[in-house]
Amino acid sequence: MIKVGVLGARGRMGAEVCRAVEGADDMELVAAVDQDDVRDPLAAADVAVDFTHPDAVMDNVRWCVEHGLHVVVGTTGFDASRLDTVRSWLTAHGKGNVLIAPNFGIGAVLMMHFAQKAAPFFESVEIIELHHPNKADAPSGTAHRTAELVAAARGEAGTGPSPDATTAELKGARGADVDGVRVHAVRLSGLIAHQEVLLGGHGEVLTVRHDSMNRESFMPGVLLGVRSVAGLPDRLTVGIESLLGL
Ligand SMILES: NC(=O)C1=CN([C@@H]2O[C@H](COP(=O)(O)OP(=O)(O)OC[C@H]3O[C@@H](n4cnc5c(N)ncnc54)[C@H](OP(=O)(O)O)[C@@H]3O)[C@@H](O)[C@H]2O)C=CC1
Ligand SMILES: O=C(O)C1=N[C@H](C(=O)O)C[C@H](O)C1
């Protein structure tokens, strides 16, 4: 049995993770911790799962690494500097691996993969992410990571920047610039989590779209992360692509 502790257990994702862990034959939920709770019960876990807030997650990960736990992180907000900080904690503490994934949806991971593969073949690429209005961060972690992957693929292939003649702009109209890729964020009641990668060439447009219809859709990926994290070859893994053989 894998003993699992959940951080953010009363939140939208954390509550879903608690249900998924309780429903898994090979896992036992040993701690459910949220804002203002002490973290001590987590020390009984083999694996901690964090779905909290970008402002809270670093302190949680540090605590878990210091306590020798394996950590599966779904909370967003990880840039290169945060990842370096996590690596330094792992170097200082000999036990425990960390898996950080901006999206645990299998379809979403495939959407990112397909977009990355297609990106060098098109002159233009832009990303539109659409989410529920309670989301704290913009752009989404998924859109941020997709832009990085797309930009890296275009860089490796020698693809130039997307053409854009804009010289007069109302601030924000062209979205955020992530590694040279424009990312647009929509917040709308009724939505859960959705993303389109628009790829434009000569007389054709390819749209790679993914829709998360509910939060259960993330659970197969989260449980895969919990089952895999202890055996991962690196102390820090970003994304579940390698767990899926991509
Ligand atoms: N990787 C993935 O596949 C996915 C990632 N996410 C990401 O997960 C994160 C959480 O999303 P969501 O569940 O919708 O957010 P919610 O706001 O619904 O849940 C977050 C929970 O964490 C609690 N919390 C805040 N700070 C702490 C802390 N220091 N310790 C313990 N608990 C804390 C919050 O309490 P309070 O409300 O009192 O502040 C809340 O109950 C976001 O970053 C989101 O982008 C979401 C979906 C999928
Ligand atoms: O806050 C959310 O809801 C989601 N957050 C993640 C992100 O920022 O990419 C994953 C998914 O989009 C849902």
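Whatever order the structure lists them in is the order used to number ligands and atoms, beginning at 1. Nothing fancy with the numbering, it's 1 onward along the sequence.
- Salt bridge absent: Glu216 and Arg19 never bring a charged side-chain N and a carboxylate O closer than 4.0 Å.
- Ion pair Glu129/Arg187 flagged as a salt bridge, since at least one NZ, NE, NH1 or NH2 atom sits closer than 4.0 Å to an Asp/Glu carboxylate oxygen.
- Scanning the protein for heavy atoms near atom 9 (C) of ligand 1, the closest one is Thr52 O, 3.6 Å.
- Ligand 1 has no nitrogen or oxygen under 3.5 angstrom from a nitrogen or oxygen of Thr75.
- A salt bridge is absent between Glu28 and Lys3: the closest approach of a Lys/Arg side-chain nitrogen to an acidic carboxylate oxygen does not fall below 4.0 angstrom.
- When distances from atom 19 (O) of ligand 1 to the protein are checked, a heavy atom turns up under 4.0 Å.
- Against a heavy-atom cut-off of under 4.0 Å, Arg10 is close to the following atoms of ligand 1: 41 (O).
- Taking the six-membered ring for Trp, His67 and Trp63 have ring centres closer than 6.0 Å.
- Residue contacts with ligand 1 for Ala108 are absent, since no atom lies close enough (heavy atoms, distance under 4.0 Å).
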Apply the test side-chain hydrogen bond (donor to acceptor under 3.5 Å, both in side chains) to residues His113 and Glu241: give CA-CA distance (whole Å), side-chain angles for both, the deciding distance (0.1 Å), then the verdict. CA-CA 8 Å; His113 184 72; Glu241 294 89 329; over 6 Å; no

Give the C-alpha distance, both sets of side-chain angles, the deciding distance and a yes or no for side-chain hydrogen bond (donor to acceptor under 3.5 Å, both in side chains) between Thr146 and Gln195. CA-CA 10 Å; Thr146 309; Gln195 181 167 299; 2.9 Å; yes

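- Given atom 3 (O) of ligand 1, the protein heavy atom at minimum distance is Phe104 N, 2.8 Å.
- When only non-hydrogen protein atoms are considered, atom 29 (N) of ligand 1 lies nearest to Ala56 CB, 3.3 Å.
- Put simply, the side chain of Asn103 does not reach to within 4.5 Å of the side chain of Ile240, judged on heavy atoms.
- By the 3.5 Å distance cut-off applied to N or O atoms, Asp34 is counted among the residues near ligand 1.
- Annotation for ligand 1: atoms under 4.0 Å from non-hydrogen atoms of Lys135 are 45 (O).
- Summary of contacts: the protein heavy atom closest to atom 4 (C) of ligand 1 is Phe51 CE2, 3.6 Å.
- Closer than 4.0 angstrom to ligand 2 by heavy atom are Thr76, Pro102, Asn103, His131, His132, Lys135, Asp137, Ser140, Gly141, Thr142, Ala193, Phe218, sorted by chain and number.
- Using a 4.0 Å cut-off between heavy atoms, Phe218 contacts ligand 1 through its side chain alone, with no backbone atom that close.
- Here is the list of ligand 1 atoms found below 4.0 Å of a heavy atom in Asn103: 1 (N), 2 (C), 3 (O).
- Below 3.5 Å of separation, one finds an N or O of Pro102 facing an N or O of ligand 1.
- Proximity of Asp59 to Arg39: side-chain heavy atoms (C-beta onward) are separated by under 4.5 Å at one or more points.
- Near Gly74, meaning under 4.0 Å from any of its heavy atoms, are these atoms of ligand 1: 1 (N), 2 (C), 4 (C), 5 (C), 6 (N), 7 (C), 8 (O).
- With a 4.0 Å heavy-atom cut-off, ligand 1 is reached by the backbone of Ala101 but not by any atom from C-beta on.
- For ligand 1, none of its N or O atoms has an N or O atom of His53 under 3.5 Å away.
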side-chain contact (heavy atoms from CB on, under 4.5 Å) for Ser228 and Thr237? Distances and angles first, verdict last. CA-CA 11 Å; Ser228 308; Thr237 303; over 6 Å; no

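- In this structure, the side chains of Phe218 and Glu16 stay at 4.5 Å or more apart for every pair of heavy atoms.
- Here the heavy atom of the protein found nearest to atom 15 (O) of ligand 1 is Arg12 NH2, 3.6 Å.
- Distances below 4.0 Å separate heavy atoms of Met13 from the following atoms of ligand 1: 13 (O), 46 (C), 47 (C), 48 (C).
- The nearest protein atom to atom 43 (O) of ligand 1, hydrogens excluded, is given as Thr76 OG1, 2.9 Å; this is a heavy-atom distance.
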